Amino acid sequence: MQNFEIYDLIEIAVFFAVLLLLVKPLGGYMAKVFQGEKNLLSPVMRPLERLIYRIAGIDEKKETGWKRYAFSLLLFNFTLMVFIFLVLLLQGVLPLNPEGLPRFSLPLAFNTAVSFATNTNWQAYSGESTASYFTQTVALTLSHFITPAIGTTVIIALIRGIVRRTVREIGNFWVDLTRSILYILLPIALVAAIFLISQGVIQNFSGYQAAHLVQPVTGAAGSSISKQTIPMGPVASFESIKLLGTNGGGFFGANSAHPYENPSPLTNFIEMLLFLAIPLSLTYTFGKMVGNTRQGWAILTAMMVILIASLGIMYWAEHAGNPLIHQQGVAGPNMEGKEVRFGIGGSTLFAAGTTATSDGAVNSMHDSYTPLGGGMTLFLMLLSEVVPGGVGSGLYTMLGFVIIAVFVAGLMIGRTPEYLGKKIEVREMWMSVIIVLTSGVSVLIFSGIALLISAGTSSILNPGPHGLSEVLYAFASGSNNNGSAFAGLNANTSFYNFTLGAGMLLGRFVPAVAALAMAGSLAVKKYVPPSVGTLPTDNLTFIGWLIVVVLIVGALTFLPALGLGPIIEHLIMTGRK
Amino acid sequence: MTPADKKQDSIFSKKLMQPALRGTFAKLNPVTLWRNPVMFFVEIGGIITALNFVYNIMTGKGDPAWFTGAVSVLLWMTVMFATFAESLAEGRGKARAESLRKSRTEIIAKKVKQPDPSGPATEINANDLRKGDMVLVSAGDLIPGDGDIVFGAALVDESAITGESAPVVRESGGDRSAVTGGTSVTATENIIIRITANPGETFIDKMVGLVEGAKRRKTPNEIALNILLIALTIIFLLVVFNLNSLSSYSVQSAGKGEVVSLVVLIALFVCLAPTTIAALLPAIGIAGMDRLFSRNVMALSGRAIEAAGDVNTLLLDKTGTITLGNREAVEFVPISGHSEQELVDAALMSSFTDETPEGRSIIVLAKQKGSRLQELPAHAAPVPFKAETRISGVDLEDHSYRKGAPDSIIKYIERRGGSVPNELEAKVTEIARAGSTPLAVTRDSEVLGVINLKDIIKGGIQERFSQLRKMGIKTVMITGDNPLTAAAIAAEANVDDFLAEAKPEDKLKLIRDYQGDGYMVAMTGDGTNDAPALAQADVAVAMNTGTQPAREAANIIDLDSNPTKLLDIVEIGKQILMTRGNLTTFSIANDIAKYFAIIPAALTSVYPQLSTLNLMHLHSPHSAILSAVIFNAIVIPFLIPLALKGTRYRPMPAEKLLVYNLFIYGLGGVIAPFVGIKLIDMLVTFSL
């Protein structure tokens with residue numbers, strides 16, 4: 001043993017320290033951006049922003065009610081989806097296609113268009129063998145910028161709904177969208193891409209390179225292989241926003257395990273920071289905008305407790321390894337499917353982060369994790385992606401949980417529940433329940449169907465509990481807009497392409513529209529000042545209660561599924577009778 | 001209703017049991033049960049398992065018939081426990097409604113055209129009376145409908161609605177003119193009443209409707225909670241659907257074991273669905289209304305009680321709420337060298353015609369002080385109290401005597417060209433600062449001295465206010481007193497704020513201001529001039545002795561006309577919400593243990609390793625599932641007393657209260673079923 005644990009622990013501790021240090025400056029900066037205040041980038045971006053409004057004919061002062069806001073959002077997002085869909089279908093005749101890759105099949109094009117337009121970025125294909133540079137840059141990278149920006153508009157509108165008193169307007173969708181891209185995603189992605197290039201991530205439009213092998217290998221069919229094709233492409237520009245926008249769809253099939261996407265432990269560290277930074281910092285933006293940063297820190301604390309506890313279990317499970325392999329004389333942790341350059345620490349931290357945010361990039365094979373380790377990645381997604389979840393979507397889903405927690409706790413202290421001065425009534429309950437439970441409903445229904453019919457079960461490559469986990473993982477990943485794959489499942493079939501696509505659409509748009517509706521109904525309410533009888537929502541009691549609510553909802557919904565997947569697999573592996 | 005009836009019957013008394021049992025079955029009708037979706041689904045489960053039972057017996061396939069039968073019976077029992085709880089809660093209201101309805105039987109009304117008791121009257125059925133009609137009522141008659149006395153005065157026995165046997169005075173004009181249909185007139189000259197409510201809309205009709213629960217609508221808060229419960233129910237339906245797929249896949253891939261049967265799936269669903277709270281939810285609301293009613297408070301809607309639980313500002317009239325009804329004269333303070341005797345005589349002179357309690361207390365004190373005056377001399381011209389001048393007194397042939405608030409008296413003296421001695425202000429301030437009311441007395445243009453009228457603060461009111469403060473409720477005392485007196489009483493009574501020299505429009509403005517800042521305001525009132533403020537307040541409690549406009553503007557009516565009731569109302573409002581919240585948490589916390597009971601039991605045939613999760617070491621799969629279902633059913637009747645009485649409210653800060661309730665109902669809800677299911681399993685195993 002090399003005493004690697006201590007280095008893993010140091011890496012994890014340093015990582016969270018750096019991450020938490022970023023929250024305040026980044027969150028505060030985002031608050032300024034969305035409140036239209038002067039900020040660091042105003043001198044550069046403000047003229048550009050004005051120009052965009054002038055060209056697009058947008059009156060930035062004109063705000064709308066929630067219905068108009070939601071309509072603009074849906075219209076824009078569906079336009080994006082159709083655009084991606086068309087690019088995929090026309091790939092064969094479009095430029096920047098040195099390898100002459102053919103068009104996508106219809107089900108795959110549908111699945112991919114939905115996937116990239118919903119910030120899921122589930123890939124039922126491998127980028128290097130299926131997608132041209134044009135597709136990767138123009139269609140997919142574009143969606144990498146737009147979908148997180150759309151997620152941000154929803155949470156910002158919801159925050160405005162909480163803050164504002166007795167008005168109908170919750171903001172201007174186009175302005176929020178533009179600012180999110182111009183001031184936040186674009187500059188950070190640019191800097192990150194340059195950094196990644198400096199660390200060896202490739203950025204070119206060359207054709208694939210051929211390398212002659214020093215020692216030819218024998219292929220499956222007995223043929224001798226002496227040449228290896230090395231795919232190229234504009235990876236760095238794709239990579240930085242893939243992570244920053246919690247998108248997660250890889251340029252290559254191997255995603256962030258590929259040395260051209262994620263060459264070193266340092267880039268790994270930065271990539272993890274990129275996908276956690278915005279979702280987590282939004283809690284500070286929230287606190288800042290509602291005028292009480294403690295409220296933001298409280299939510300952040302609840303998120304971090306769940307995330308770190310899950311990471312702990314995952315690390316412990318991977319570190320303990322597989323006893324069946326130990327019996328064969330191979331000691332040590334479970335390194336199957338993990339990159340040696342990342343080790344257990346860099347892999348589990350990435351795996352926990354990518355499933356806890358809705359990023360879905362992977363730097364290790366989640367399918368090869370121990371049952372409990374893999375089970376944690378599954379569990380983190382099944383919590384509806386709230387610790388901290390995707391850009392924007394994570395926080396608005398978490399606020400759904402907060403409102404349910406406030407409602408029950410409010411009753412328990414004998415008051416009509418209120419949160420941040422707004423009464424929680426029938427409409428808010430409807431919307432919160434929809435926000436929180438839609439993805440769960442989708443997972444239960446679609447995985448239930450998939451396991452019942454042969455169109456679903458025939459794709460399972462590992463029968464038994466592990467196969468069950470694979471199906472569950474696919475739908476959890478799709479419905480929660482995560483996009484990572486457990487693999488071990490042939491998902492490029494019509495059945496999976498369509499059901500996963502449907503899950504992504506439901507999981508993305510139903511909660512988003514519900515969040516906007518809630519914003520609208522909160523905005524028209526009066527403000528109720530706090531008193532001794534008001535439930536404080538920024539102290540340890542409430543944080544603890546919120547954690548319990550999130551875990552209980554997740555556990556009660558998925559205990560049977562987790563029991564027959566990861567848990568039984570663990571029991572079998574450890575030789576329980 | 002006699003006062004004896006008002007004593008709470010014990011929860012499961014025989015008298016209430018019989019109708020409750022009848023209601024239990026009547027409410028099983030799926031059409032009405034649909035109002036409670038969770039229980040509706042349980043009933044569907046009961047029907048399916050019953051059919052399954054028949055199938056098991058006929059074919060001998062599937063689960064053992066005894067098992068299916070037992071599950072089916074238990075599901076039906078679960079539903080019936082729920083309908084029983086609701087019927088029982090309603091029953092108490094119905095018992096009250098019954099006695100009310102008796103007073104609504106055929107009354108013959110004497111309809112008149114003019115408000116003149118000597119005019120001609122035609123006899124008609126009271127049910128034919130319409131708004132605006134006028135009727136003549138004599139001693140011994142029942143009042144035919146709600147109305148205002150427009151002529152005369154009467155002693156009215158209102159025991160039919162208040163349970164209070166002492167008759168009350170009702171007279172035309174002023175704030176005591178309203179009478180309620182169904183009450184009886186004990187002593188009177190003939191009075192004329194103008195009817196203000198059509199038949200079917202009268203106070204008693206409303207009461208009957210409310211206590212019977214017929215018009216009970218779900219409150220917004222109840223609806224919001226129902227949304228959560230329905231959402232959970234849907235989730236658990238899907239969980240069960242999902243489990244079916246999971247198990248069929250697992251059986252297929254493991255190549256052994258049995259797919260979880262429909263009966264077990266339904267049993268799991270019923271155990272997971274929030275049946276405990278759903279079963280008790282209607283009862284909690286009805287029982288809350290009933291608890292209010294047993295304190296002689298009528299909430300005109302469930303919404304009003306819930307709003308009462310949210311109130312964070314109470315506007316309390318000083319008189320009657322904070323202080324004992326009336327002020328008493330306790331001291332005569334002469335000034336400017338006048339003798340006490342001069343002052344006492346002058347005070348007595350000015351008070352002979354003063355019928356107010358304060359006036360009478362001056363007479364009493366003056367006589368104690370040895371005044372020899374017995375009555376007003378002849379040719380005396382009384383000067384009654386007028387709102388504009390705010391002084392009263394009497395004009396004799398030689399002198400004129402006045403008494404009134406010092407500032408009014410000063411104006412009066414100045415108008416007459418007299419001078420006000422400096423000493424007056426000092427004495428007035430001294431008395432006011434002590435929380436008493438000074439009343440200046442004059443003879444002609446001379447101020448003789450000051451009467452000290454003392455306010456007596458009700459015993460124990462300070463503690464009540466500090467309790468309210470702990471609950472986060474701000475108390476504001478409303479008084480017509482000058483600011484100095486008001487401040488002293490406010491300090492002594494321990495209220496948070498006060499509004500002095502308040503006029504009705506000031507009250508309205510105060511309420512609007514508080515509401516504008518987002519506060520929920522409750523107030524009590526009885527007079528017509530309170531009506532606008534009552535209509536504005538979020539929770540408006542009208543005294544039953546109050547005028548018709550006041551009663552119409554209010555959403556809660558206190559039949560005892562006791563303003564301190566507001567505090568009870570707030571507590572009950574909170575109790576209702578807390579009971580709901582606590583039982584919801586308890587219900588959901590229970591699910592953890594039920595999963596641990598049922599999941600291993602349902603799936604060990606596929607994966608024997610799952611018996612590791614059988615934490616309770618339940619005997620067999622069948623006994624485990626039955627135990628969970630039994631626990632799920634019997635927890636409902638166990639909690640009926642809690643639902644009807646409400647969880648205890650302790651005034652403490654929100655966070656502490658939450659921790660306390662989470663500990664009892666959250667943690668308790670996790671642990672209780674582990675113990676309960678284990679015990680039931682032991683019993684079941686033993687009896688099998």
Side-chain angles (χ1 to χ4, degrees), chain A residues 404 407-416 421 424-426 428-430 433 437 440-441 444-445 447-452 457 460 463-465 467-468 471 526-529 531-536 539 541-542 545 548 552 555-561 563-565 567-568 571-572 576-577, chain B residues 220-221 223-225 227-228 231 234-235 238-239 241-250 252-254 272 306 309-310 312 469-474 517-519 573-575 577-578 580-582 584-585 588 591 595 599 603 607-610 612-613 649 653-655 657-659 661-662 665:
Chain A
I404 290 175
F407 179 78
V408 177
L411 288 186
M412 289 179 81
I413 59 164
R415 281 173 67 109
T416 299
I424 306 305
E425 290 165 303
V426 177
E428 289 71 39
M429 275 315 279
W430 265 123
V433 160
L437 297 179
V441 166
L444 288 174
I445 293 177
S447 67
I449 295 170
L451 290 170
L452 213 52
T457 52
I460 297 173
L468 190 147
V471 173
K526 278 196 310 192
Y527 173 78
V528 185
S531 73
V532 200
T534 311
L535 176 76
N539 59 15
T541 308
F542 186 76
W545 172 236
V548 168
I552 286 267
L556 291 183
T557 315
F558 293 109
L559 206 103
L564 287 174
I567 294 175
I568 188 64
L571 294 174
I572 293 171
R576 299 293 170 93
K577 292 273 150 49
Chain B
N221 191 276
I223 297 170
L225 179 55
I227 290 166
L228 185 63
I234 292 170
I235 282 287
L238 293 174
V239 165
F241 159 75
N242 190 260
L243 178 61
N244 178 46
S245 305
L246 295 170
S247 84
S248 90
Y249 166 81
S250 300
Q252 206 184 344
S253 75
L272 294 178
E306 273 174 20
D310 285 345
N312 43 23
R469 200 165 298 122
K470 278 192 207 140
M471 290 155 70
I473 297 171
K474 181 177 168 152
D517 294 340
Y519 289 94
K574 284 191 178 295
Q575 266 191 332
L577 294 187
M578 279 172 57
R580 279 186 200 143
N582 290 339
T584 304
T585 304
I588 295 167
D591 282 357
Y595 258 134
I599 289 292
L603 296 163
Y607 296 123
Q609 295 90 341
L610 273 179
T612 315
L613 297 183
Y649 178 74
E655 193 191 348
L657 188 62
L658 178 63
V659 172
N661 282 335
L662 279 179
Y665 297 96

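Everything numeric in this text was worked out from a predicted model, so none of it was measured. Just so we're on the same page: letters track the sequence lines, and every chain starts at 1.
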Distance-minimising heavy-atom pair for [X] and [Y]:
{"X": "B:Ser245", "Y": "A:Gly448", "answer": "OG-O, 2.6 Å"}
{"X": "A:Met429", "Y": "B:Ala224", "answer": "CG-CB, 3.6 Å"}
{"X": "B:Pro220", "Y": "A:Val426", "answer": "O-CG2, 3.3 Å"}
{"X": "A:Pro536", "Y": "B:Glu655", "answer": "CG-CB, 4.1 Å"}

How many angstroms lie between [atom1] in [X] and [atom2] in [Y], if you round to the nearest 0.5 Å?
{"X": "B:Ser250", "Y": "A:Ile568", "atom1": "OG", "atom2": "CD1", "value": "8.5 Å"}
{"X": "B:Thr612", "Y": "A:Leu571", "atom1": "OG1", "atom2": "CG", "value": "4.5 Å"}
{"X": "A:Leu535", "Y": "B:Leu657", "atom1": "CG", "atom2": "CG", "value": "10.0 Å"}
{"X": "A:Leu411", "Y": "B:Leu658", "atom1": "CG", "atom2": "CG", "value": "11.0 Å"}
{"X": "A:Ile445", "Y": "B:Leu238", "atom1": "CD1", "atom2": "CG", "value": "5.0 Å"}
{"X": "B:Asn582", "Y": "A:Met412", "atom1": "CG", "atom2": "CE", "value": "4.5 Å"}

Kindly indicate whether the side chain of [X], heavy atoms from C-beta on, has any atom under 4.5 Å from the side chain of [Y].
{"X": "B:Leu662", "Y": "A:Val548", "result": "no"}
{"X": "B:Asn242", "Y": "A:Pro560", "result": "no"}
{"X": "A:Leu564", "Y": "B:Ile599", "result": "no"}

Notebook entry, point to check: By a 4.5 Å heavy-atom criterion (distance strictly below it), what part of B:Leu225 contacts chain A: side chain, backbone, both, or neither?
Noted result: both

Notebook entry, point to check: Checking heavy atoms, do the side chain of B:Ile588, its backbone, both or neither come under 4.5 Å from chain A?
Noted result: both

Item checked: Side chain B:Tyr249, main chain A:Gly464, donor-acceptor under 3.5 Å -> yes

Check: Would a distance-only check, ignoring hydrogens and angles, find a side-chain to backbone donor-acceptor pair under 3.5 Å from B:Tyr519 to A:Pro529?
Finding: no

For chain B, which candidate among [options] shows the most heavy-atom pairs at distances under 4.5 Å?
{"options": "A:Ile449, A:Leu468, A:Val528", "result": "A:Leu468"}
{"options": "A:Tyr527, A:Phe542, A:Phe558, A:Phe407", "result": "A:Phe407"}
{"options": "A:Glu425, A:Glu428, A:Arg415", "result": "A:Arg415"}
{"options": "A:Thr541, A:Thr416, A:Val433, A:Leu452", "result": "A:Thr416"}
{"options": "A:Leu444, A:Leu559, A:Thr557, A:Val408", "result": "A:Leu444"}

Next item on the list: Using a cut-off of under 4.5 Å on heavy-atom pairs, state which of B:Asn661, B:Leu246, B:Thr585 scores highest against chain A.
Entry: B:Leu246

Measuring heavy-atom distances to chain B, does [X] have an atom under 4.5 Å in its side chain, in its backbone, in both, or in neither?
{"X": "A:Val441", "result": "both"}
{"X": "A:Ile552", "result": "side chain"}
{"X": "A:Ile424", "result": "neither"}
{"X": "A:Thr534", "result": "backbone"}

